[in-house]
Amino acid sequence: MGGTYNHREVEAEAQAMWKELNLYETDLASDADPYYLLVEFPYPSGDLHIGHWYAFALTDIYARMLRARGKNVLFPIGFDAFGLPAENAAIKNGIDPKEWTYQNIERMRVQLESMGASFDWSKEVIACDPSYYQWTQWLFTKLFEHGLAERRAAPVKWCPKDQTVLANEQVIDGRCERCGTEVEERTLTQWFLKITKYADRLLSGLERLPWREDIKDAQRAWIGKSEGARMRFDISDAASASEAVHVVDVFTTRPDTIFGATYLVLAPEHSLVTQLATEDARRIENANEVRGYLEATKRKTERERSENKEKTGVELKGVRAINPATNEPIPIYVADYVLGSYGTGAVMAVPAHDERDFEFAKKHGLAIRQVVVPCADDVSNPPRPEFEEVKRDTVVVHLRDRSTGKFAILDWHGPLEGIATAIMGGIDAGETPEEAAVREISEEAALVGAHITKRVPFITAARYCASHKGENRCAHTYALLAEIDSLEGKGKIPDDEAKKHTLSWIEEHEMLGRLTPAHQKQMWQLLHEEIALTGDGYLINSGTFDGRDNREAFSDIIEYAGGERTTNYRLRDWLVSRQRYWGCPIPIVYDPEGKPHAIPAEHLPWLLPTDVDFKPTGKSPLASSEELRERVTRIFGAGWTPEYDTLDTFVDSSWYFLRYLDPKDANDFSDGRRMKRWLPVDRYSGGSEHTTMHLLYARFFIKALHDLALVPVEEPFEERFNRGLIMGPDGQKMSKSKGNVINPDEVVEEYGADAVRIYLAFIGPYNEPGSYPWHLDGVPSMRRFIERVIRQAARASDAAPTEGEERGLARASVKIAEDGDRFKLNTAVATLMALLNELEREQTLSKQSMRAYVQLLAPFAPHITERLWASLGGEGSVHANAWPRYAPELLVDRVITLAVQVNGKRRGEVTLAPDATEEEACAAARAIPAVAEALAAGTHRTVYVPGRILNIVV
RNA sequence: GCCGAGGUGAUGGAAUGGUAGACAUACAGGACUUAAAAUCCUGAGAGGGCCUAAAAAUCCUCAUGUGGGUUCGAGUCCCACCCUCGGUACCA
């Protein structure tokens with residue numbers, strides 16, 4: 001073999017030994033310190049890919065580390081075994097989904113064992129097993145009994161070619177994943193879990209969780225909480241505005257802008273639109289046009305509607321809405337930029353302060369009325385509380401020189417030193433903003449003949465202190481763009497103006513960076529792009545509210561306009577009905593009146609029938625089961641009918657981690673005492689694709705079960721880590737069509753499981769998002785590392801450990817444990833490699849030190865370390881031993897190398913005791929020529945941070 | 001568009017505000033070998049000065065996307081901009 005080893009033999013031997021010693025069966029009742037380490041259970045595709053390895057092998061490293069550190073670790077495994085691939089196999093090849101699934105599970109168990117992972121197989125959970133789904137069903141009936149599951153009509157995705165309902169995940173870019181046909185929407189009666197009832201708690205529960213901010217943010221965005229108000233608009237005939245014929249409620253987050261609501265928009269799906277287009281059509285003059293628009297919208301696929309952002313719509317002529325704040329009649333439009341499914345399906349449009357309304361208003365020539373003036377305090381010259389505020393009208397003029405394309409900028413002197421602005425000044429009595437602009441250009445730049453080419457349609461304001469006048473000013477600002485043909489023949493700026501500022505000309509792209517006052521920057525932007533003002537400020541054109549802060553007046557305006565505060569969520573109730581065979585049957589039966597009843601616990605598990613036709617017919621395959629109908633009649637009586645749908649597989653995975661605690665219990669879904677001891681899960685590792693759906697569903701499930709007093713915690717997972725993605729060697733996502741798929745079985749066969757584990761640990765930090773390309777040289781190089789360890793173990797002698805060995809091991813044992821806690825296993829491996837480099841340089845190497853080294857390596861390379869442990873005289877399994885511990889003084893170096901800087905630049909280093917005084921450090925540093933020179937130069941001070949740096953500042 | 005994360009050698013990546021590039025990979029040179037593989041040793045961010053026959057050591061300058069700032073000291077903190085990746089999208 002010559003320096004190499006037979007990994008197949010070593011792995012088989014170690015795995016057999018663990019089985020014999022039963023090393024990883026966790027005693028759930030033990031008093032030892034419990035730690036629940038969870039990885040998302042895999043779907044049994046029958047093909048263990050590199051992503052599975054990354055997920056399980058790295059988590060296993062931490063499990064092993066924690067056991068050595070004295071924790072009683074629960075590291076379970078199971079299978080998320082319901083789902084579509086099994087059913088597709090049945091349709092395509094006529095294989096029984098159950099048989100297909102269990103065969104795959106069998107194959108995956110073997111593959112999973114090949115990783116050397118320390119799973120506790122005695123707790124295995126299989127979601128499609130009746131002993132598991134019995135309890136999925138039981139929990140569903142509990143939710144149903146407490147009103148958290150209900151049946152109602154809802155739109156679903158429908159493939160017209162295959163005559164079947166599709167699950168969301170079967171719809172890819174608006175098309176059926178199997179045949180590529182455009183998907184339609186149909187309305188069917190479906191089961192929902194009322195997750196929206198928990199929206200607020202799902203949101204607030206996030207706050208104390210130590211999860212990464214991006215994960216929490218994704219959940220927050222999914223929940224989509226918006227606080228605002230419901231406002232009521234009367235609808236009347238345009239001819240006789242006095243008599244209201246309908247009312248429309250709108251949801252808005254900006255009731256403070258209601259005085260600027262210049263039209264109303266209804267979604268095409270809004271009930272009032274349907275009514276006005278059909279039975280009440282006499283009220284509108286253009287009913288045909290409206291019906292045409294509704295038809296056109298309906299024909300648009302969801303894809304087209306989201307792709308084409310062009311805002312279309314038609315006015316409902318003949319009816320008007322009354323703005324409850326101004327009492328003005330305003331036009332009503334139907335437009336598909338308003339969604340029927342969000343809020344009330346109707347909005348009050350405030351084009352001045354909403355991007356979408358702004359765009360629509362410009363296109364349709366609707367009134368744009370500014371009601372909020374953005375107002376910023378000038379940070380360099382803020383208003384002072386002791387002064388009165390005075391309003392002034394001012395202009396800001398951006399002057400462009402047409403011959404060079406450059407813009408004028410003023411650098412101010414005197415009290416405004418350091419401030420750079422465009423040309424600006426007050427508007428005198430009787431002047432228009434344009435006239436003031438021309439005057440200011442001639443005064444401040446001594447230029448005549450400027451043309452005003454543009455004026456921003458909105459005004460902004462800035463508050464600042466005019467200390468020379470003893471007042472605060474609130475400057476109402478009009479922004480204008482002016483152009484001048486050339487600077488030829490420009491006049492000289494008079495001395496008194498020149499004293500105040502310096503005029504210079506700069507490139508367009510430099511302006512934003514140069515302008516200092518925030519509101520001038522904003523004006524610059526408004527001058528160049530037409531956008532709505534969505535920020536805060538004070539109110540204008542708002543009756544008695546004029547001058548007030550928009551946020552402060554928020555509630556008063558709601559009250560004034562007769563609205564009420566509400567909160568709206570983006571989160572929808574969870575649709576759990578699937579017209580699919582290979583899922584958990586919904587445990588419901590219908591009485592002869594069609595009323596749903598929960599199937600009593602004594603009839604659970606409510607078994608999935610086997611006499612079914614898998615061919616897609618548009619109905620659930622369960623509907624073809626004779627046995628199921630007979631079963632219902634037999635148990636519940638004639639006229640009773642079964643529920644044919646099955647549950648979304650996300651229901652199965654919302655509670656599996658509870659079942660791991662008591663997987664074989666035939667009388668309960670889990671065990672109360674064990675849940676108290678083991679929940680919440682300490683660390684949950686998974687893929688970022690489950691950030692919103694699975695993680696949110698599981699959190700909801702646990703909160704609901706907590707409220708039913710079934711589970712002792714409110715949050716299921718204390719820590720959550722989303723791992724990165726392993727890419728192909730070409731840096732692309734692995735896929736069969738690209739031919740860049742790495743098959744872990746082959747790599748393991750060639751280089752061994754230990755090398756693959758170390759490689760995956762070393763590839764990068766596990767606790768960060770991102771992706772890592774599979775480096776083809778990576779695994780062989782880890783194999784070489786293992787072989788170097790073997791060579792060192794072979795040369796270890798009975799000599800006593802040297803201090804150098806001990807110090808190295810002491811440092812590494814602490815560092816590796818810390819890295820494990822942070823899930824940064826890449827630096828843990830680097831530490832092991834660096835330590836090996838050190839040990840190789842030692843003249844002699846003791847068996848005792850090498851045993852400790854092997855222990856530190858054992859979580860990463862669990863197989864080979866068993867053999868090395870034995871060869872070094874270790875007893876039993878290396879994995880049954882406590883993590884090496886050393887005296888704390890070994891962690892403190894006798895001497896350290898201290899960097900010496902002069903003026904922050906490194907000029908040398910000195911060797912010192914770690915607790916050397918400043919005087920000692922300086923004395924030693926004199927030996928460095930640059931330091932001696934600096935010290936001789938005279939006045940200086942020193943910054944000394946013991947153990948870190950000595951900096952001499954001249 | 002919005003939200004989030006991130007830009008460090010040829011590559012993956014290290015670095016509580018304190019010697020940037022740990023640890024690897026790839027690369028180059030050398031040793032061993034009949035030869036190759038394996039193994040071991042050495043080198044290496046870029047540029048320059050000095051000394052030289054040539055080199056090494058030594059020394060200096062510049063370097064963590066770009067431009068500013070805070071600090072004795074910035075990859076790390078602050079501001080603006082550019083780019084990449086992830087999530088999300090007419091959510092009122």
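Below 30°, between 30° and 60°, or above 60°: for Trp574(A) and Tyr697(A) the angle between ring planes is below 30°, a parallel geometry.
The distance between atom CG of Leu339(A) and atom C1' of C90(B), rounded to the nearest whole Å, is 6 Å. Following rounding to the nearest Å, Tyr772(A) (OH) and A5(B) (C1') show an atom-to-atom distance of 12 Å. Between the CG atom of Leu725(A) and the C1' atom of G12(B) there is a distance of 16 Å, given to the nearest Å. Rounded to whole angstrom, the span from the CZ atom of Arg783(A) across to the P atom of A38(B) amounts to 14 Å. Here the P atom of nucleotide C90(B) and the CG atom of Asp354(A) are 14 Å apart, to the nearest Å. We find that CE of Met727(A) is positioned 11 Å from P of C85(B), with the value rounded to whole Å. Distance CE (Met693(A)) to P (G87(B)): 13 Å, rounded to an integer number of Å. Atom CD1 in Ile790(A) sits about 14 Å away from atom C1' in A38(B), given to the nearest Å.
Distance from the side chain of Thr252(A) is smallest to A92(B) among C90(B), A92(B), C3(B). Closest approach to the Met833(A) side chain among A14(B), U19(B), C23(B) is made by C23(B) (side chain taken as heavy atoms from C-beta onward). Among the nucleotides A89(B), U61(B), G12(B), the one closest to the side chain of Arg570(A) is A89(B). Closest approach to the Arg784(A) side chain among A92(B), C23(B), A38(B) is made by A38(B) (side chain taken as heavy atoms from C-beta onward). Here the side chain of Asn826(A) is nearest to one of A22(B), C40(B), A14(B), namely A14(B). Comparing U25(B), A15(B), A92(B) against the side chain of Thr827(A) picks out A15(B) as the nearest. With U19(B), C23(B), A24(B) as the candidates, the nucleotide lying closest to the side chain of Ala899(A) is U19(B). Side-chain proximity of His775(A) to the nucleotides U25(B), A92(B), C72(B) is greatest for U25(B). Relative to the side chain of Lys905(A), the nucleotides G18(B), A92(B), U61(B) differ in distance, and U61(B) lies closest. Nearest nucleotide to the side chain of Tyr337(A), out of C90(B), G12(B), U61(B): C90(B).
With the nearest nucleotide of RNA chain B identified for both Thr897(A) and Asn903(A), Thr897(A) has the one nearer the 5' end. Nearest-nucleotide mapping onto RNA chain B: of Asn951(A) and Asn837(A), the residue sitting toward the 5' end is Asn837(A).
Residue Arg220(A) places none of its side-chain N or O atoms closer than 4.0 Å to OP1 or OP2 of G4(B). Distances shorter than 4.0 Å separate none of the side-chain N or O atoms of Arg254(A) from OP1 or OP2 on A92(B).
Among the atoms of the strands shown, only primed sugar atoms or phosphate atoms (P, OP1, OP2) are found under 4.0 Å from some heavy atom of Arg907(A). Contact annotation for Ser688(A): no contact, since no heavy-atom pair falls under 4.0 Å across all strands. When heavy atoms are screened at a 4.0 angstrom cut-off, Met782(A) is found touching the sugar-phosphate backbone but no base atom. Residue contacts shown for Val953(A) are limited to sugar-phosphate atoms, with no base heavy atom under 4.0 Å away. If you check every strand for non-hydrogen atoms under 4.0 Å, Lys216(A) touches nothing.
Nucleotide G75(B) forms a pair with no other nucleotide shown, judged by Watson-Crick or G-U wobble geometry with both contacts under 3.5 Å. The partner of A80(B), taking Watson-Crick or G-U wobble pairs whose two distances both stay under 3.5 Å, is U66(B). Look at U61(B): its Watson-Crick or wobble partner, with both distances under 3.5 angstrom, is A46(B). As the counterpart of C2(B), G87(B) is assigned, both hydrogen-bonding distances of the Watson-Crick or G-U wobble pattern falling under 3.5 Å. With a 3.5 Å ceiling on both atom-pair distances, the Watson-Crick or G-U wobble partner of U39(B) is A31(B). Remark: U11(B) base-pairs with A24(B); criterion is Watson-Crick or G-U wobble with both hydrogen-bond distances under 3.5 Å.
Contact between Thr691(A) and Ala218(A) at its shortest, heavy atoms only, is CG2-CB, 3.8 Å. Summarising the geometry of Met782(A) relative to Met833(A), their closest heavy-atom pair is SD-CE, 3.6 Å, with the distance given to 0.1 Å. Taking all atoms of both residues into account, the shortest heavy-atom contact from Leu856(A) to Ala812(A) is CD1-CB, 4.0 Å.
Regarding the sugar-base torsion, G17(B) falls in the anti class, its angle being beyond 90° of 0.
The gap from the P atom of A10(B) to that of A46(B) amounts to 8 Å, rounded to the nearest Å. Using C1' as the reference atom, G75(B) and G45(B) are 15 Å apart when rounded to the nearest Å. Rounded to a whole angstrom, the distance from the P atom of U76(B) to that of U70(B) is 15 Å. As rounded to the nearest Å, U88(B) and A22(B) have P atoms that lie 38 Å from one another. G9(B) sits 15 Å from G65(B) when the C1' atoms are compared, rounded to a whole Å. Comparing the C1' positions of G17(B) and C77(B) gives an interatomic distance of 8 Å, to the nearest angstrom. Going from the P atom of C90(B) to that of C81(B) covers 26 Å, rounded to whole Å. Spacing of C1' atoms, G12(B) relative to G73(B), comes out at 30 Å, to the nearest Å.
Using a 4.0 Å cut-off between charged nitrogen and carboxylate oxygen, Asp536(A) and Arg551(A) count as a salt-bridge pair.
For Tyr759(A) and Trp774(A), the distance between ring centers is under 6.0 angstrom. In summary, the aromatic rings of Tyr333(A) and Phe360(A) are positioned with their centroids under 6.0 Å apart.
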Can Tyr54(A) and Tyr766(A) be said to form a ring-ring contact (aromatic ring centres under 6.0 Å, His included), step by step? CA-CA 9 Å; Tyr54(A) 197 43; Tyr766(A) 188 65; 5.0 Å; yes
Chi angles and distances behind the salt bridge (Lys or Arg N to Asp or Glu O under 4.0 Å) call for Glu818(A), Arg822(A): CA-CA 6 Å; Glu818(A) 278 174 7; Arg822(A) 295 186 300 152; over 6 Å; no
